[in-house]
Asker: 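Okay, here's the structure, questions in a sec.
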Amino acid sequence: MSGPVLVFDSGVGGLSVLRELRVLAPDQRYVYVADDAAFPYGNWEEAALKRHMIALFGELIARWQPRLVLIACNTASTLAIDALRKAYPGETFVGTVPAIKPAAERTRSGIVAVLATPGTVKRQYTRDLIRDYADTCHVRLVGSSNLAALAETYMRDGFVDEAAVLAEIEPCFIEIDGRRTDIVVLACTHYPFLVNRMRKVAPWPVDWIDPAEAIARRAQSLLAQGARGGTGEADIAVFTSGRADASRGHLMKGFGLAVAGAGATPAA
Ligand code: DGL
């Protein structure tokens, strides 16, 4: 396909991956799709979310003919990446899944926390990553119902309640036989936007693993195999709700994206 690179998330979290990919592949054209009409993905029932995503991607692929689809969402990737590849075999998909392997390689205490949405911590995909790559570690899975929404608010309003952030991250910090958590995996693409606040309120210092750069490198290596995608057209953000208020426009502009009108939304 010769169209843009389509970067997808349930909300604005995928921008943490887009900003890395832009640096690595500045000549591509980008369409950022936020399925805000269905946000948050973290609380969806699995079968319903999978059906929803397969239908939505049918429309997105027909509309944009993307050269590559980057699912910049752990909740979506851990559930549906295999099903999407099967449903759309002509497409190149890059997913985002919890960085459990690098965490297991780096931990010194042997205690690692995976901070994610309730959906991601429940997934078999996540359990399999732990079994395959972290069987010598103690992995604490922490499902947060509120952090993605707190990150959305922070991105929009520039304010976040630090006590609320602490309440969400506190279960990551555990102590077993004198050893403490030393790595927290940010397994939701929204969370890197809050990492400075997390660092500030954390009970003790840890490494926070943000896999955005690694995911962007994977996407870039696949893009490098194809022709360049620059068409001179603007990079845009599409919201499935069709809502495009001023603060949203301002935020997207900061990431080099113009907010597209309702016509760009599938089935609008
Ligand atoms: N950004 C999404 C992720 O990486 C989750 C946000 C949501 O709950 O929709 O998992």
Side-chain angles (χ1 to χ4, degrees), residues 6-21 32-46 48-53 56-57 60 69-84 93-100 102-103 113-127 129 141-156 160 164-165 168-169 172 184-195 197-198 208-216 218-219 237-241 243 248 251-252 255 257:
L6 197 153
V7 180
F8 177 87
D9 184 33
S10 56
V12 297
L15 294 170
S16 64
V17 185
L18 175 68
R19 69 181 169 186
E20 297 291 337
L21 183 54
Y32 183 83
V33 177
D35 188 11
D36 64 325
F39 179 87
Y41 272 12
N43 299 335
W44 275 65
E45 191 269 316
E46 291 196 347
L49 181 56
K50 200 186 273 184
R51 275 197 307 275
H52 167 76
M53 286 192 62
L56 177 60
F57 270 89
L60 291 173
V69 177
L70 172 52
I71 313 261
C73 175
N74 293 260
T75 314
S77 298
T78 52
L79 176 70
I81 189 102
D82 292 338
L84 285 168
F93 289 96
V94 174
T96 305
V97 301
I100 288 165
V114 176
L115 183 62
T117 66
T120 299
V121 305
K122 269 197 310 229
R123 303 272 188 263
Q124 190 56 44
Y125 197 113
T126 305
R127 311 269 159 165
L129 286 175
L141 285 168
V142 177
S144 164
S145 298
N146 301 318
L147 264 183
L150 287 170
E152 292 264 333
T153 309
Y154 179 62
M155 296 283 284
R156 203 183 47 238
V160 70
V165 173
E168 299 297 309
I169 68 168
C172 295
V184 176
V185 177
L186 300 174
C188 167
T189 52
H190 280 73
Y191 300 170
F193 290 117
L194 284 178
V195 74
R197 301 309 170 108
M198 294 183 190
W208 306 86
I209 296 193
D210 171 8
E213 189 196 333
I215 297 153
R218 169 75 189 138
V238 176
F239 290 87
T240 56
S241 67
R243 278 199 305 273
R248 207 163 241 187
L251 174 64
M252 292 298 140
F255 286 87
L257 302 164

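Counting starts at 1 for both ligands and their atoms, in listed order. The shown structure was predicted, so the numbers you read here are calculated from the model rather than taken from an experiment.
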Asker: For ligand 1, which atoms, with element, lie under 4.0 Å from some heavy atom of Thr75?
Answerer: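 Numbered from 1, ligand 1 contributes 2 (C), 3 (C), 5 (C), 10 (O).
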Asker: With a cut-off of 4.0 Å, which atoms of ligand 1 are near a heavy atom of Asp9?
Answerer: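 Going through ligand 1 atom by atom, the ones under 4.0 Å from Asp9 are 1 (N), 2 (C).
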Asker: So among Ser16, Cys188, Cys73, which one has a side-chain contact (heavy atoms from CB on, under 4.5 Å) with Asp9?
Answerer: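 Testing each of Ser16, Cys188, Cys73 against Asp9, the sole residue satisfying side-chain contact (heavy atoms from CB on, under 4.5 Å) is Cys73.
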Asker: Nearest heavy-atom pair of Ala219 and Val94: which atoms, and what distance?
Answerer: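 That would be CA-CG2, 4.2 Å.
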Asker: How about Tyr191 and Thr117: do any of their side-chain heavy atoms sit closer than 4.5 Å?
Answerer: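 The answer is yes, as the side chains (C-beta and beyond) meet within the 4.5 Å cut-off.
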Asker: Charged N to carboxylate O below 4.0 Å: is that the case for Glu46 and Arg123?
Answerer: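 Between Arg123 and Glu46 there is a salt bridge, with a charged N closer than 4.0 Å to a carboxylate O.
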Asker: Any idea which atoms of ligand 1 are less than 4.0 Å away from a heavy-atom of Gly42?
Answerer: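 Answer for ligand 1: 7 (C), 8 (O), 9 (O).
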Asker: Side chain, backbone, both or neither: which part of Cys188 comes within less than 4.0 Å of ligand 1 when only heavy atoms are counted?
Answerer: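 For Cys188, backbone and side-chain atoms both sit under 4.0 Å from ligand 1.
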Asker: What part of Thr117 sits under 4.0 Å from ligand 1 if we count only heavy atoms: the side chain, the backbone, both or neither?
Answerer: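 The answer is the side chain.
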Asker: Run the contact test for Cys73 against ligand 1 with a 4.0 Å cut-off on heavy atoms, strictly below, and give the result.
Answerer: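 Contact check Cys73 vs ligand 1: positive.
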Asker: Using a distance-only test with no angle check, is there a side-chain donor-acceptor pair under 3.5 angstrom linking Thr78 and Thr126?
Answerer: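 Judged by distance alone, the side chains do not pair up.
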Asker: Going by heavy atoms in the side chains, are Val12 and Met252 under 4.5 Å from each other?
Answerer: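 A side-chain contact exists here, since the closest heavy-atom pair is under 4.5 Å.
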Asker: Side chain or backbone, does Thr189 bring an N or O within less than 3.5 Å of an N or O on ligand 1?
Answerer: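 Checking ligand 1 against Thr189, an N or O pair does fall under 3.5 Å apart.
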Asker: Is it the side chain (CB and beyond), the backbone, both or neither of Asn43 that lies under 4.0 Å from ligand 1, heavy atoms counted?
Answerer: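 Within the 4.0 Å criterion, Asn43 makes no contact with ligand 1.
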Asker: How far is atom 6 (C) of ligand 1 from its nearest protein heavy atom, and which residue and atom is that?
Answerer: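 Checking every protein heavy atom, the shortest distance to atom 6 (C) of ligand 1 gives Ser10 OG, 3.4 Å.
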Asker: I need the nearest protein heavy-atom contact for atom 1 (N) of ligand 1: residue, atom name and distance, please.
Answerer: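 Here the nearest protein heavy atom works out to His190 ND1, 2.8 Å.
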Asker: With a 4.5 Å limit on heavy-atom distance, are the side chains of Phe57 and Ile71 in contact?
Answerer: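 Yes, side chains in contact.
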Asker: Quick one: is the NZ or CZ of Arg19 closer than 6.0 Å to the six-membered ring centre of Phe255, and within 45° of its axis?
Answerer: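 Negative - Arg19 is either too far from the ring of Phe255 or too far off its axis.
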Asker: Considering only heavy atoms of Ala148, which atoms of ligand 1 have at least one such atom less than 4.0 Å away?
Answerer: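 Contacts of ligand 1 toward Ala148, numbered from 1: 6 (C).
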